[in-house]
Amino acid sequence: AREMMRCAATGGGCVASWSGDRRLPAVNPCSVRMPTGNDGWCAGLRSRAADLAGLEMANLRGGVGGLFRASPRYGRLQATAAVDPEDIPLEKVQVKSSGHVLPYVGVACLGAILFGYHLGVVNGALEYLAKDLGIAENAVLQGWVVSTSLAGATLGSFTGGSLADKFGRTRTFILDAVPLALGAFLSATAQDIRTMIIGRLLAGIGIGVSSALVPLYISEISPTEIRGTLGTVNQLFICIGILAALLAGLPLAGNPAWWRTMFGIAVVPSILLAVGMAFSPESPRWLFQQGKVTQAELAVKRLYGKEMVTEIMFDLRASGQSSSESEAGWFDLFSKRYWKVVSVGAALFLFQQLAGINAVVYYSTSVFRSAGIASDVAASALVGAANVFGTMVASSLMDKQGRKSLLITSFSGMGASMLLLALSFTWKALAPYSGTLAVVGTVLYVLSFALGAGPVPALLLPEIFASRIRAKAVALSLGMHWVSNFFIGLYFLSVVSKFGISNVYLGFASVCALAVLYIAGNVVETKGRSLEEIERELSVAE
């Protein structure tokens, strides 16, 4: 650090290089040239000299094109072979960000709460609304009330990506609040089955859009160091929404008309989502891609503080996210350039659904009854609590263990739990303990799911997709989620009737094993890396 100050005082072209001791910088005229004549930099140089002593560099194979890293407190200085090292400004050595990301993540998570709430609210209310609407004896129409929201979610997930690309992330959130609020209102005030189905369809479209938009927005505004933790919050709030729907149904036993209030409650967070997003910053990455550089800088300042503007704008420029490249269309997702990474995203959601989470939740009530737990509410609460607890653990581990390792651990645990469930139903030696083992297997499965298979896909997808295709690729992958969810719900009972629940569980265990092999060979680790770093590496790999 003293050498750099001495060099600056002489006005020489100084650079930071590292010799035997990887921590202490020495002066060497090679990669990063200090600008001269910058009075602002020179005035602050002496106060930052101590900071520079903590700078580290991880050498890459190219030698000159290295990756510069500061301690997490001071930000990150990066260069790759695609960027001339002489262009890297030393202003990128930053103090801790003074921005405030968490409030905007919280606003976005209102969409996740609504996602979980709209999915869960119909389970407790169905019996009572069926009596009021005159369909108590019509199982087909009751099925439509449940499944219409899934059909709407499929439509919403595919359209959400195009809307997010055209209007931006925050405006799309505001637009999404319309079907969310209107769907809840129509469902709450329905006097016939037609109005109820329209309301459920609109609510489904809303949660389909938010299912793609929430993880996309959070990933694009979150600092690299905590992006995994904040991304997991999406899944946590979905679980909280489901639990909220369960709790909202408790007064039903004493007040059968309460089901209307249950649906109507969802109007409030929908309005709060729209109002909150009206005051939230747009994604800097979307703004930069649209060529709105000045607005992108303002958004960075609001999110991270003025200290981080230079660094993040440099990363955006270095990633090649220029507005000169035309906006990606849907067919671009299937091109040679993008298909490999898009197929990984779609496969993760297919594995998530085909691994049996819906089957376990569906059969949890009967499993708990076999163990002497007769209360349906208690059974659902236990499953929901396991899901929330597992997601909280995943949130604390996401930026420490990494996405890939958590996925492998999660699917391995799910497979082992499925084997335990299958054996508890078929192995005669375990008959005296079958009820207890089935409950243990169910809870372990849900915990394992919440550790990785639940939260990671929605977090990982916005990280691995290039900015040009990010919104549409996330929407496509979420569309696969909803389509597979719909068909599993449609044919699951028929498959169980034909093959038996034990064989179905064994099939789910096999899917989990295949998922582990697929993830090990195809998924990249994104922990601790900026979206621009990940995009550059995958672009080179392609």
Side-chain angles (χ1 to χ4, degrees), residues 106-136 138 141-153 155-156 160 172-211 213-214 234 236-278 376-377 380-381 384 388:
V107 172
C109 282
L110 288 172
I113 291 176
L114 287 165
F115 181 167
Y117 189 85
H118 277 295
L119 285 181
V121 70
V122 73
N123 293 333
L126 184 60
E127 176 184 351
Y128 300 91
L129 72 85
K131 291 178 182 178
D132 277 3
L133 300 181
I135 59 170
N138 193 327
L141 287 179
Q142 291 184 42
W144 273 103
V145 172
V146 175
S147 60
T148 300
S149 61
L150 296 179
L155 177 62
T172 304
F173 269 116
I174 295 171
L175 290 173
D176 187 40
V178 175
L180 285 170
L182 185 58
F185 176 78
L186 290 177
S187 299
T189 58
Q191 300 299 320
D192 54 63
I193 187 61
R194 180 181 300 175
T195 305
M196 170 59 71
I197 289 177
I198 293 174
R200 292 293 291 166
L201 179 66
L202 288 173
I205 291 172
I207 65 175
V209 172
S210 65
S211 68
L213 197 56
V214 173
N234 173 49
L236 177 62
F237 275 89
I238 291 174
C239 299
I240 291 173
I242 294 172
L243 278 178
L246 172 67
L247 295 174
L250 291 178
L252 276 171
N255 182 9
W258 179 256
W259 68 268
R260 294 186 181 277
T261 304
M262 291 172 63
F263 283 102
I265 289 172
V267 174
V268 177
S270 302
I271 295 174
L272 291 177
L273 176 64
V275 173
M277 277 298 159
D376 292 354
V377 174
S380 299
V388 171

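Every heavy atom of this structure was used, including side-chain atoms; hydrogens, water molecules and symmetry mates were not.
Between N234 and A112, the shortest heavy-atom contact is OD1-CB, 3.3 Å. Across every non-hydrogen atom of V388 and C239, the tightest pair is CG2-CB, 3.6 Å. Across I174 and M277, no two heavy atoms sit closer than the pair CG1-CB, 3.9 Å. Annotation for G264 and A188: closest pair N-CB, 3.6 Å, computed over non-hydrogen atoms. Considering every non-hydrogen atom in both A136 and Q142, the closest pair reads O-NE2, 3.1 Å. Annotation for P269 and L110: closest pair O-CD1, 4.2 Å, computed over non-hydrogen atoms.
Under the rule for a side chain to side chain contact (heavy atoms under 4.5 Å, CB included), the partners of A266 that lie at least two apart in sequence or sit in another chain are L114, Y117, H118, A184. With sequence neighbours excluded, the residues forming a side chain to side chain contact (heavy atoms under 4.5 Å, CB included) with V146 are V122, L126, listed by chain and number. With sequence neighbours excluded, the residues forming a side chain to side chain contact (heavy atoms under 4.5 Å, CB included) with L175 are F167, listed by chain and number. L119 is linked by a side chain to side chain contact (heavy atoms under 4.5 Å, CB included) to F115, L150, I207, W482, counting only residues two or more places apart in sequence or in another chain.
Atom CD1 of I205 and atom CG of L155 lie 5.0 Å apart (nearest 0.5 Å). Note that the OG atom of S211 and the CD1 atom of I238 stand 8.0 Å from one another [nearest 0.5 Å]. The line from CD1 of I197 to CD1 of I135 is 7.5 Å long, rounded to the nearest 0.5 Å. To the nearest 0.5 Å, atoms CG (L201) and CD1 (I198) are separated by 8.0 Å.
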Sequence neighbours left out, cut at 3.5 Å: what donor-acceptor pairs do the side chains of residues 240-259 make with other protein atoms?
unit_1	atom_1	unit_2	atom_2	d
N255	OD1	A257	N	3.4
W258	NE1	A248	O	2.5
W259	NE1	D132	OD2	2.8

Between V214 and F173, is a side-chain contact (heavy atoms from CB on, under 4.5 Å) present by the stated rule, with each step listed? CA-CA 9 Å; V214 173; F173 269 116; 3.8 Å; yes
After noting the C-alpha distance and the side-chain angles of I193 and V145, does the key distance pass the side-chain contact (heavy atoms from CB on, under 4.5 Å) rule? CA-CA 8 Å; I193 187 61; V145 172; 3.5 Å; yes
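Formation of a donor-acceptor pair under 3.5 Å by the R260 side chain with backbone atoms of L129 is not found in this model.
Residue pairs satisfying the side chain to side chain donor-acceptor pair (under 3.5 Å) criterion with at least one member in residues 183-206, sequence neighbours excluded, are listed as follows: S149-R200, D192-T195.
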